[in-house]
Q: 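Before I ask anything, here is the structure I am working with.
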Number of protein chains: 2
Amino acid sequence: MSGPKRPTDAETEILRVLWERGPSTVREVHGALEAQRGTGYTTVLKLMQIMAQKGLAARDERKRSHVYRPLVDREGVEEGLVGDLIDRVFDGSASELVVRALSSKPASTEELSALQAMLGDLIAAREEGEEEGR
Amino acid sequence: MSGPKRPTDAETEILRVLWERGPSTVREVHGALEAQRGTGYTTVLKLMQIMAQKGLAARDERKRSHVYRPLVDREGVEEGLVGDLIDRVFDGSASELVVRALSSKPASTEELSALQAMLGDLIAAREEGEEEGR
DNA sequence: TTAAGTCAACGAAAGTCTTCGTACTTAATC
DNA sequence: GATTAAGTACGAAGACTTTCGTTGACTTAA
């Protein structure tokens, strides 16, 4: 029954490595993270132990170096993080967030076109649903 | 120069009240917040004192009830929060965040159309800029 | 002038998050 | 067997956030 709390910043960073690399040891995650940050080995170890305890990851202890795999899927976590921001800051309006996103991190023209096309598809799908609903 | 740290959750909640109401007393902010939450008066007071200390708000002490006003503008804070999420979770890609936003909080068909139109304007503006650049 | 209400100030407690040092265990190497 | 290396476990410290009780000052009404 536990609520689906959002992972902390450090946990999210580790989840991203696990999603990218697949099941990994602490050393492997530490190696991937060290490139960006200067976190110590035992810090990453402790975080991953906590994540296992929280149910964010599971570990296989059969080998000496335990192998961790994510227990939460990327899409769900991303949706949770974005949805939380939308609720807390944008009054539940996804489109308000989109406006700010595009002014904060301008996308390339190609990306904008792709987004526009995606929106078109979404709208078309809805109109089709309306037809059938009659 | 101090980095533009992002406000905490509770601070963001208070900022939203100040942005909406304009300069307000602690009691007024508490009243607006109490409707949603059960935070005590002194909690809000303390938070607003800290916000003044951090430079997120300024206060006018001429009256007995101090009047607080936001020192950071809404657009900037929103961009900072969204931009931080984009960097941390979506590898800097705004369009990836948009995709997740729309699957997390489906927008109305009208909003989707408005967004699509906005994207069209953005793209058109860029092509025009290209023309002039020649 | 006293009593009751309103407010700011302050400190402290509790909870989280992140970090790392240290100790213990197991495996490999000499 | 002794020593080094690689791992996990554990505890604790430090920073930050949020919460609230208590105190003292000031205001208003009785």
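All of these numbers come straight from a predicted model, not from anything done at the bench. Chain identifiers are assigned alphabetically (A, B, ...) following the order of the sequence lines, protein sequences preceding nucleic acid strands; residue numbering begins at 1 within each chain.
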Q: Give me, pair by pair, the N or O atoms of the protein and of nucleotides 11-15 of chain C that are less than 3.5 Å apart, along with how far apart they are.
A:
residue : atom : partner : partner atom : Å
C:dG11  : N7   : B:K46   : NZ           : 3.4

Q: Tell me: CG of B:L33 to P of D:dC20, nearest whole Å?
A: 12 Å
Q: Applying side chain to side chain contact (heavy atoms under 4.5 Å, CB included), can you list everything that pairs with B:D73, at least two apart in sequence or on another chain?
A: B:E75
Q: So, using side chain to side chain donor-acceptor pair (under 3.5 Å) as the criterion, who are the partners of B:T8 when residues are at least two apart?
A: B:E11
Q: Of all the choices, D:dT18, C:dT18, C:dC7, which nucleotide is nearest to the side chain of A:T8 once you look at every atom?
A: C:dT18
Q: Could you tell me the separation between the OH atom of B:Y68 and the P atom of C:dC7, rounded to a whole number of Å?
A: 12 Å
Q: Which distance, rounded to the nearest 0.5 Å, do you find between the CZ of A:R126 and the CG of A:D121?
A: 12.5 Å
Q: Tabulate protein N/O versus nucleotide N/O from nucleotides 28-30 of chain C, keeping only pairs under 3.5 Å, one per line.
A:
none

Q: To the nearest Å, give me how far apart CG (B:L45) and C1' (D:dG21) are.
A: 13 Å
Q: For A:L15 and A:P70, which heavy atoms make the closest approach, and how far apart are they?
A: CD2-CB, 4.2 Å
Q: Do A:R6 and A:D87 sit within salt-bridge range, that is, some charged N less than 4.0 Å from a carboxylate O?
A: no
Q: Considering only heavy atoms from C-beta outward, does the side chain of B:F90 approach that of A:V82 to under 4.5 Å?
A: yes
Q: Which atoms form the tightest heavy-atom contact between B:A101 and A:A94, and what is the distance?
A: O-CB, 4.1 Å
Q: For A:K46, give me all partners under side chain to side chain donor-acceptor pair (under 3.5 Å), at least two apart in sequence or on another chain.
A: none
Q: Roughly, in whole Å, what's the span from CE in A:M48 to P in D:dG7?
A: 12 Å
Q: Is there a side-chain polar atom (N or O) of B:T25 under 4.0 Å from OP1 or OP2 of C:dC7?
A: no
Q: OP1 or OP2 of D:dG7 sitting under 4.0 Å from any side-chain N/O of A:R27?
A: yes
Q: Looking at B:T43, I'd like to know whether one of its side-chain N or O atoms comes within less than 4.0 Å of OP1 or OP2 on D:dT18.
A: no
Q: Mind calculating the distance between NZ (A:K63) and P (C:dT26) to the nearest angstrom?
A: 19 Å
Q: What's the separation between atom CZ in B:R21 and atom CG in B:L18, rounded to the nearest 0.5 Å?
A: 9.0 Å
Q: Walk along nucleotides 24-30 of chain D from 5' to 3' and tag each nucleotide B, S or - by protein heavy-atom contact under 4.0 Å, base first, then sugar-phosphate.
A: --BS---
Q: Output the single nucleotide from D:dG21, C:dC7, D:dA9 whose closest atom is nearest the side chain of A:T42.
A: D:dA9
Q: If I take atom CG in residue A:D9 and atom P in nucleotide C:dT18, what distance separates them, rounded to the nearest angstrom?
A: 6 Å
Q: When the distance from CD of A:E34 to C1' of C:dT19 is rounded to whole Å, what number comes out?
A: 15 Å
Q: Going by side chain to side chain contact (heavy atoms under 4.5 Å, CB included), name the residues that satisfy it together with A:S65, two or more places apart in sequence or in a different chain.
A: A:T25
Q: Please work out which residues in residues 49-61 of chain B have a non-hydrogen atom less than 4.0 Å from an atom of DNA chain C and list them by number.
A: B:Q49, B:R59
Q: How would you list, by chain and number, every residue that makes a side chain to side chain donor-acceptor pair (under 3.5 Å) with A:S93, sequence neighbours excluded?
A: A:S95
Q: Quick one: side chain to side chain donor-acceptor pair (under 3.5 Å) partners of A:D91, sequence neighbours excluded?
A: B:R16
Q: Just jot down the side chain to side chain contact (heavy atoms under 4.5 Å, CB included) partners of A:E61, sequence neighbours excluded, or say none.
A: A:R59, A:H66
Q: For B:Y41 and A:L47, find the nucleotide of DNA chain C closest to each by heavy atoms; which residue's nucleotide sits nearer the 5' end?
A: B:Y41
Q: Just jot down the side chain to side chain contact (heavy atoms under 4.5 Å, CB included) partners of B:P23, sequence neighbours excluded, or say none.
A: B:V67, B:R69
